[in-house]
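The structure under discussion appears below in the form of structure tokens.
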Amino acid sequence: MTSNHAPRIAPSILSADFARLADEIAMCEAGGADWIHVDVMDGQFVPNITFGAKVIETVRKLTDLPLDCHLMIVQPERYFDDFAAAGASGITIHQEVSPHLQRQLVHIREVGCRAGVALNPSTPLTGIVEVLADLDLLLVMTVNPGFGGQEFIPHSLDKIRRARRILAEGGSRATLEVDGGIARDTIGDCWRAGADTFVAGNAIFSAKDPQSEISVLRDQCAVSV
Ligand code: DX5
Ligand code: ZN
């Protein structure tokens, strides 16, 4: 069951060259990126540490594209106001560290952002049914979060199919995003399984021609198999 949306590509700046961040963002725009994906990690929920509101503010000044902020941090609600003020367009939090998920999603909408929930590969989809009314985006992680450049977990395809079914049956128009190991050989299957928004770090920034790779990835969704 594919989505009604056109495929969206969201380059993850985790894999960008930060010394040339302005050029990297300009390249994403020139290549037709739909969103910029910003990975916030705290060294607690995931082993790695990345960046916070200051970097979001910097990226905000470099582009008008929506900033899709993926918070891999504990107690994410402590930062909703700061991230929204810094220019986040969407804030996605992990269900594993969000015991009051419904209230947290409402809060994200209150600060003016798209409210998203991310699920680790081992986290079941079941809880999502209870928050569909407050959900703008469901992020099915296709690797265990923490690092760029990891291998896509094949079982994710079945989970994407089930996620699409849950959204459709619940009458939800939420975006269904996938993140981790998305590349030429995995994106088409994810699209056909029902994902509509694709985060890609390594596949874009390590490509020979990163700018054209954005369209190459999108084109894989048009291929029929
Ligand atoms: C992983 C991050 C991803 C990461 C994806 O923890 O959430 O957004 O940047 O990187 P690739 O596309 O290289 O797997
Ligand atoms: Zn991410």
Side-chain angles (χ1 to χ4, degrees), residues 7-18 21 24-25 27-28 31 33-52 55-56 59 65-74 76 79 83 88-98 108 113-123 136-157 159-160 175-191 195-208 210 213-214 216-218 220-221:
R8 274 196 205 104
I9 308 291
S12 164
I13 56 162
L14 185 63
S15 299
D17 176 354
F18 269 72
L21 191 56
E24 298 276 59
I25 301 274
M27 176 280 288
C28 291
D34 299 279
W35 293 353
I36 300 293
H37 185 80
V38 183
D39 285 306
V40 178
M41 305 186 190
D42 66 354
Q44 289 195 65
F45 176 58
V46 291
N48 207 358
I49 298 178
T50 56
F51 32 71
V55 167
I56 295 176
V59 177
L65 288 179
L67 302 185
D68 178 38
C69 300
H70 176 195
L71 274 50
M72 287 158 275
I73 64 177
V74 299
Y79 299 95
F83 286 2
S89 314
I91 294 180
T92 298
I93 59 176
H94 271 262
Q95 182 180 303
E96 300 84 5
V97 284
S98 304
I108 293 174
C113 291
R114 204 171 359 81
V117 173
L119 303 178
N120 280 345
S122 63
T123 303
D136 299 310
L137 179 146
L138 173 59
L139 170 51
V140 172
M141 290 303 302
T142 43
V143 299
N144 288 288
F147 302 94
Q150 302 184 78
E151 287 267 314
F152 179 87
I153 299 173
H155 179 70
S156 309
L157 288 175
K159 191 172 186 184
I160 297 165
T175 293
L176 180 51
E177 184 176 50
V178 286
D179 183 5
I182 300 301
R184 291 181 187 201
D185 59 339
T186 52
I187 190 169
D189 286 342
C190 291
W191 165 256
D196 54 57
T197 300
F198 305 90
V199 177
N202 192 52
I204 292 175
F205 291 98
S206 301
K208 261 210 195 91
E213 193 65 19
I214 295 172
V216 171
L217 290 177
R218 192 186 281 105
Q220 303 307 309
C221 301

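Both ligands and their constituent atoms are indexed starting at 1 by order of listing.
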Distance from [X] atom [atom1] to [Y] atom [atom2], nearest 0.5 Å?
{"X": "Ile160", "Y": "Leu138", "atom1": "CD1", "atom2": "CG", "result": "10.0 Å"}
{"X": "Arg114", "Y": "Trp35", "atom1": "CZ", "atom2": "CH2", "result": "3.5 Å"}
{"X": "Thr92", "Y": "Leu71", "atom1": "OG1", "atom2": "CG", "result": "8.0 Å"}
{"X": "Asp189", "Y": "Ile182", "atom1": "CG", "atom2": "CD1", "result": "10.0 Å"}

Pair Ile36-Cys28, side-chain contact (heavy atoms from CB on, under 4.5 Å): steps then yes or no: CA-CA 8 Å; Ile36 300 293; Cys28 291; 3.8 Å; yes
If only protein N, O or S atoms under 2.8 Å count, total around the Zn ion (ligand 2): 4
Audit row: Glu96, Thr123, side-chain hydrogen bond (donor to acceptor under 3.5 Å, both in side chains) steps and yes/no: CA-CA 8 Å; Glu96 300 84 5; Thr123 303; 2.5 Å; yes
Worked check of side-chain contact (heavy atoms from CB on, under 4.5 Å) between Leu119 and Lys159: CA-CA 10 Å; Leu119 303 178; Lys159 191 172 186 184; 4.1 Å; yes
What does the contact table look like for ligand 1 (nitrogen or oxygen on each side, cut-off under 3.5 Å)?
| from | atom 1 | to | atom 2 | distance (Å) |
| --- | --- | --- | --- | --- |
| ligand 1 | 6 (O) | Gly146 | N | 2.7 |
| ligand 1 | 7 (O) | Asp39 | OD1 | 3.0 |
| ligand 1 | 7 (O) | His70 | ND1 | 3.2 |
| ligand 1 | 7 (O) | Asp179 | OD2 | 2.9 |
| ligand 1 | 8 (O) | His37 | NE2 | 3.3 |
| ligand 1 | 8 (O) | Asp39 | OD1 | 3.1 |
| ligand 1 | 8 (O) | Asp39 | OD2 | 2.7 |
| ligand 1 | 8 (O) | Asp179 | OD1 | 2.7 |
| ligand 1 | 8 (O) | Asp179 | OD2 | 3.0 |
| ligand 1 | 9 (O) | Ser12 | OG | 2.8 |
| ligand 1 | 9 (O) | Asp39 | OD2 | 3.0 |
| ligand 1 | 12 (O) | Gly201 | N | 2.8 |
| ligand 1 | 13 (O) | Gly149 | N | 2.8 |
| ligand 1 | 13 (O) | Asn202 | N | 2.9 |
| ligand 1 | 14 (O) | Gly181 | N | 2.8 |

Evaluation steps, side-chain contact (heavy atoms from CB on, under 4.5 Å), between Met72 and Asn48: CA-CA 9 Å; Met72 287 158 275; Asn48 207 358; over 6 Å; no
Plane angle bin for His70 and His94 - parallel if under 30°, tilted between 30 and 60°, otherwise perpendicular: parallel
